[in-house]
Protein chains: 2
Amino acid sequence: MNDELFNLIERLANLLRQETRLEGQSLGLQPIQQEALYYLSTCNRYSDTTLAVTEFLGLTKGTVSQSLKILESKALISKVKDKKDKRITHLNVTEAGREFLKKTCPPQKFTDAITSLSIDEEFETKTLLKKVLSNYQQATGRTAFGVCQHCKFNRKTSDGILCDLTKEALSSDDIMLICREYVV
Amino acid sequence: MNDELFNLIERLANLLRQETRLEGQSLGLQPIQQEALYYLSTCNRYSDTTLAVTEFLGLTKGTVSQSLKILESKALISKVKDKKDKRITHLNVTEAGREFLKKTCPPQKFTDAITSLSIDEEFETKTLLKKVLSNYQQATGRTAFGVCQHCKFNRKTSDGILCDLTKEALSSDDIMLICREYVV
DNA sequence: TCAAATATGTTTTGACTCGATACTATTAGA
DNA sequence: TCTAATAGTATCGAGTCAAAACATATTTGA
């Protein structure tokens, strides 16, 4: 009863948030800004836009636009207009941004705490939480945000890997990233 | 890599937060206020104070004081001065408060999502997350907030159950609640 | 073809969160 | 006794957030 799964997740999230807040102080970064930055470092070229971050964080685009503006002002990300569609702006994490993430994300003490789990236990936890997350996303009608590699549209051909949705070629690095168009 | 445990937890927490925000709209309640209310409905008489909520949520007491003021103004909690120590104010969840929690906490769609797990899987996930949470709390030097029943100070005597810390008698309901003084 | 609808993103506004700081009241302890 | 510690409140400024209005760019479809 007192150990409801949702309670555990909220408590872990609260602690993570707290540690994140501390680690962001050196650069004056808020937790939500760090979450956006982290997301941008893990997503592919179809998913590095304001709207994708909006969907990922579950906020409104106006709110996210503000946070991204701050990240840009601190030179942690840079904005690049899309060549084909001029409405779209791609958000690239700068070297400084990656540097910051490497030091702080995931938070050190959390990483330490995980070492109490065995390899198998950690894998098991991830697997089960992924299942819950996937179901929850579906129930709330939210975008799945899965890894390119495991997407329905990802196709291996004799010429290499292809995205069936965009018809573009994908590198071996590409397919490790998170995509907002992900479909099971 | 893309499925880091901390990433999964943050994403689940973001979705929970979003659903919580929606469910709080009817009463004009913010997510953090609902978290405080929920905590107060699960804690024992040693842990129903402003400072305990502060520790639990990992915020500062000024911030929490404001949130509690709003909960009181909406008649979801009531404040009762401690008889012995006049500095202390106990926070009781009112009937209206419990009514609200029963409807919204945990969020319906999250509960639905969990049903994708078997009983064993859910238990396993809880067990492992509890382990991580416990370690994380210890690493960050935070209060443990465990269930009274499993605390070191909980002692069963011929006269009933006793708290060795406060030397007070505990009922069978008491020992199911969360205590800030919890020690493994 | 070209106007209407749609999509991406920014700005503004007002309510709220949050940490920091200063403050009051009460209790503990040397 | 009288100083330090503890519980809690009040205020401030920076930032989050949703909502709405807005500016561009693209797509749709008559």
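Everything quoted here is computed from the prediction, not taken from an experiment.
- The phosphate of dT11(C) has OP1 or OP2 within less than 4.0 Å of a side-chain N or O from Lys69(A).
- In this model, no side-chain donor or acceptor of Arg87(A) finds a partner on the base of dT24(D) within 3.5 Å.
- Distance from the side chain of Ile88(A) is smallest for dT8(C) among the nucleotides dT8(C), dA18(D), dT26(C).
- OP1 or OP2 of dT9(D) lies within a sub-4.0 Å distance of a side-chain N or O belonging to Lys79(B).
- Between the CG atom of Asn154(A) and the CG atom of Asp174(A) there is a distance of 10.0 Å, given to the nearest 0.5 Å.
- The separation between Ile70(B) atom CD1 and dA15(C) atom P is 13 Å, rounded to whole Å.
- Rounding to whole angstrom units, CG of residue Leu51(A) and C1' of dA25(D) are separated by 14 Å.
- Of the residues near DNA chain C, Ser67(B) and Thr89(A), the one whose nearest nucleotide (by heavy atom distance) lies more toward the 5' end is Thr89(A).
- Taking 4.0 angstrom as the limit, Thr50(B) places a side-chain polar atom (N or O) nearer than this to OP1 or OP2 of dT9(D).
- Here dT8(C) presents its P atom at 20 Å from NZ of Lys83(A), a figure rounded to the nearest Å.
- Counting to the nearest Å, the C1' atom of dT11(D) and the NZ atom of Lys61(B) are 15 Å from each other.
- If you check dA19(D), dG19(C), dT27(C) against the side chain of Leu59(B), the one that comes closest is dG19(C).
- Separating the CZ atom of Arg21(B) from the C1' atom of dT16(D) is a distance of 8 Å, rounded to the nearest angstrom.
- For dG19(C), its base sits under 3.5 Å from the side chain of Thr63(B) at one donor and acceptor pair at least.
- Atoms NZ (Lys86(A)) and P (dT27(D)) sit 12 Å apart, rounded to a whole Å.
- Residues Ile88(A) and Leu177(A) do not share a hydrophobic cluster, defined by chaining ILVMFWY side chains whose heavy atoms lie under 4.5 Å apart.
- Between the CD atom of Gln30(A) and the C1' atom of dT17(C) there is a distance of 10 Å, given to the nearest Å.
- Neither OP1 nor OP2 of dC17(D) sits under 4.0 Å from any side-chain N or O of Thr60(A).
- The OG1 atom of Thr104(B) sits 5.5 Å away from the CD atom of Glu23(B) when rounded to the nearest 0.5 Å.
- Mapping Gly58(A) and His90(B) onto DNA chain D via the closest heavy atom, the residue that lands nearer the 5' end is His90(B).
- Put simply, Ser65(B) has no side-chain N or O that comes within less than 4.0 Å of OP1 or OP2 on dG8(D).
- Distances were taken from every side-chain heavy atom of Gln66(A) (C-beta onward) to each of dC17(D), dG9(C), dT12(C); the shortest belongs to dT12(C).
- Checked by atom type and distance alone, the side chain of Thr94(B) pairs as donor or acceptor with a backbone atom of Ala75(B) at under 3.5 Å.
- Dashed line: the shortest gap from a side-chain N or O of Thr49(A) to OP1 or OP2 of dG9(C) is under 4.0 Å.
- Distance CZ (Arg17(A)) to C1' (dT17(C)): 10 Å, rounded to an integer number of Å.
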Tell me which donor-acceptor pairs under 3.5 Å the side chains of residues 59-73 of chain A have, and how far apart each pair is, sequence neighbours excluded?
{"from": "Thr60(A)", "atom 1": "OG1", "to": "Thr63(A)", "atom 2": "OG1", "distance (Å)": "3.0"}
{"from": "Ser73(A)", "atom 1": "OG", "to": "Ile70(A)", "atom 2": "O", "distance (Å)": "2.7"}

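- In this structure, Gly28(A) reaches neither bases nor backbone, as no heavy-atom distance under 4.0 Å exists between it and the strands shown.
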- Let me see the working for Tyr38(B) and Phe6(A) under ring-ring contact (aromatic ring centres under 6.0 Å, His included), right down to the final yes or no. CA-CA 11 Å; Tyr38(B) 176 72; Phe6(A) 106 99; 5.2 Å; yes
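- An OP1 or OP2 oxygen of dT16(D) is reached within less than 4.0 angstrom by a side-chain nitrogen or oxygen of Gln33(A).
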